[in-house]
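Here the structure is laid out as structure tokens; the discussion comes afterwards.
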Protein chains: 2
Amino acid sequence: MAPSQRVEQMNKELRKGHFLAEKDRFCAYCVVRGTSFCGMVPNEDMAQLSSQSRPLTLDRRRTLFHQGDETQSIYVVTSGTLRLYQMLADGRRQVVGFAIPGDLLGFPLADHNDYSADALDSVYLCQFPRQEFMQFLNQRAHLLGALLTVTHDELNRTREQLALISQKNAERKMAQFLLSFRGRQMRMDEEISVLPVRIPQADIADFLGLTIETVNRMLARFTREKIIAITDTGVELLNLIRLHMLAEA
Amino acid sequence: MAPSQRVEQMNKELRKGHFLAEKDRFCAYCVVRGTSFCGMVPNEDMAQLSSQSRPLTLDRRRTLFHQGDETQSIYVVTSGTLRLYQMLADGRRQVVGFAIPGDLLGFPLADHNDYSADALDSVYLCQFPRQEFMQFLNQRAHLLGALLTVTHDELNRTREQLALISQKNAERKMAQFLLSFRGRQMRMDEEISVLPVRIPQADIADFLGLTIETVNRMLARFTREKIIAITDTGVELLNLIRLHMLAEA
DNA sequence: CGTTTATTTGAGACAACTCAAGTTGCGTGG
DNA sequence: CCACGCAACTTGAGTTGTCTCAAATAAACG
């Protein structure tokens, strides 16, 4: 069964509440087990980790947490996509990333959230109350190393975005964005050439540091040149070679 | 005695090798003790930490380590400034930050350096061989928390740079850069209005995502309007109020 | 003192921005 | 089922700020 199908089935079962009774099995068979922080937790600690988690659903447009609010829980995304953003002093909004299945949201050692997070589609999450999670971490010091690795990965992703946004060419920005977003999706499914989310163009603009109009014109051009195709479920990358050329040239 | 004077004296003594004989005292009285990772190490662990450290000098223009090379040591800056940068696929250089006294360089859990680092002036560092440092960390799990905090701080600084670079206005970029650089210096000395380094304009350009010419024109304008003054030892901020206005307007 | 490296200044091109007006899609309530 | 309002997307025309290219000057270095 392909990963995406497994995700769908897991989510169905999740909705029906099948896993609530045996939470340790829930984690052990979780679709994002291999790609998330949870995956670094050794099997013997799994039961305890499971017992702390709580499944959570978030509808499109709903906010999971706000920048600056007290960190009460941390989350692992199991399905769907969220946008992560900061409001800047001058009223502009900087989208700092998009969270996809397997991503960890919220930093347990910080008292306040570094960014806001809201759902771009229906999102399923695994919630861990911060206090319990911290205790769990402190009991098993080796898990701090796992958290450190995840944090370091995020640091490197942020540096990547920095390199992306410092590009002066809108066409290249857009091409690199599409490719790097695909790269992250491939963590779960190697074969993917369809990005399974409709990210509002305004969010792409605030991510890349462009205006909505420029983003729109670029997407229109790519579509006209048959490099991508925009459907109502997401973006299909039709010509990866062209896209790579545009990203590097 | 003002912090900056203490730094100078410490460095003098460091140069004379006074502290080499009693390394634990070296750390205990270190100028950056209060502002660095070391500051989070409890007193009882200090002696061991000290015994692993080795003072190091780096001349202007010398490279401390290269991006991609194996991580052999990690460092704490005690004096001077370094530029940290990545070379991008298209040949461009992205300056990801400037390291000042108190900063930790190198991530012990990564096998390879994420960026290159070289000295902008005479730099004094405290070197910790990675292997020993890792063992030290593993013995005292609570120190992983300290490392995590430092890493998270760096993540937030990188997000700040992201917000900075996504500005479309060169004037504002420059003003924000000067102010944020001052903010970091103030960690050691509250009163500072002189940035004590001559950062090459090319480095500022690669940090802000501008061209050298634009950086030069902005600095020239700020100088003409008596907002800053450039001396051969650094940049003096003459009109902080104006600078704040330019940064926000 | 010649050579390299860094800074300064000007003129012109162009890509992305701003502003303005329209279109499309979608959910809600009559 | 249609009308309405809102949000997201689309397109055009004109402006502008930064880049590019080019060249001169000033500093740093052996």
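In what follows, every chain begins at residue 1, and chains take the letters A, B, ... in the order their sequences are listed.
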Between A:N169 and B:I212, just flag the one whose closest nucleotide in DNA chain C comes earlier from the 5' side.
B:I212
Can you see whether B:Y75 engages B:D103 through a side-chain donor-acceptor pair at a distance of less than 3.5 angstrom?
no
Residues 209-220 of chain B side chain polar contacts: donor-acceptor under 3.5 Å, at least two apart:
| residue | atom | partner | partner atom | Å |
| --- | --- | --- | --- | --- |
| B:T211 | OG1 | B:T214 | N | 3.4 |
| B:T211 | OG1 | B:T214 | OG1 | 3.0 |
| B:N216 | ND2 | B:Q201 | OE1 | 2.9 |

Taking 4.0 angstrom as the limit, do A:D121 and A:R60 come out as a salt bridge?
no
Looking at A:Y85, I'd like to know if the NZ or CZ of A:R83 sits under 6.0 Å from its six-membered ring centre while staying within 45 degrees of the ring's axis.
yes
Looking at A:E236 and A:K226, does any basic side-chain N land under 4.0 Å from a carboxylate oxygen?
no
Which residue, A:D232 or A:A170, contacts DNA chain C at a nucleotide closer to its 5' end, judged by nearest heavy atom?
A:A170
Between A:I230 (CD1) and D:dT10 (P), how many Å, whole number?
7 Å
Side chains of B:Q67 and B:D114: closer than 4.5 Å at any heavy-atom pair?
no
Looking at D:dC19, I'd like to know if its phosphate oxygens (OP1 or OP2) sit under 4.0 Å from a side-chain N or O belonging to A:K168.
yes
Round to a whole Å and report the spacing from CG of B:L120 to P of C:dA6.
11 Å
Length of the line joining A:M218:CE and D:dC9:P, which is rounded to integer Å
17 Å
When you compare the side chains of A:S166 and B:R92, does any donor N or O come within less than 3.5 Å of an acceptor on the partner?
yes
In whole angstroms, the gap separating C1' of D:dG17 from CZ of B:R172 amounts to 14 Å
Going by ring pair (Phe, Tyr, Trp, His ring centres under 6.0 Å), name the residues that satisfy it together with B:F107, two or more places apart in sequence or in a different chain.
A:H152
Could you run down the sub-3.5 Å N/O contacts of the protein with nucleotides 6-8 of chain D?
none

Nucleotide of C:dC17, D:dT18, D:dT20 approaching B:L210 most closely (side-chain heavy atoms):
D:dT18
Any donor-acceptor N/O pair under 3.5 Å between D:dC21 base and B:E213 side chain
yes
First of B:V215 and B:R198 reached from the 5' end of DNA chain D, by closest nucleotide:
B:V215
Hey, which of these two, B:R221 or A:L219, hits DNA chain D nearer its 5' end, going by closest nucleotide?
A:L219
Check this for me: does the side-chain of B:R217 come within 3.5 Å of the base of D:dG17 through a donor and an acceptor?
no
Could you please name the option among D:dC19, C:dA16, C:dA20 that lies closest to any side-chain atom of A:T214?
C:dA16
Round to a whole Å and report the spacing from NZ of A:K173 to P of C:dA16.
9 Å
B:I199 CD1 to C:dT7 C1', straight-line distance once rounded to whole Å:
16 Å
Looking at C:dA16, I'd like to know if its phosphate oxygens (OP1 or OP2) sit under 4.0 Å from a side-chain N or O belonging to A:T211.
no
What integer distance in Å separates A:R224:CZ from D:dT10:P?
11 Å
So, OP1 or OP2 of C:dT8: does either fall under 4.0 Å of a side-chain N or O from B:N216?
yes
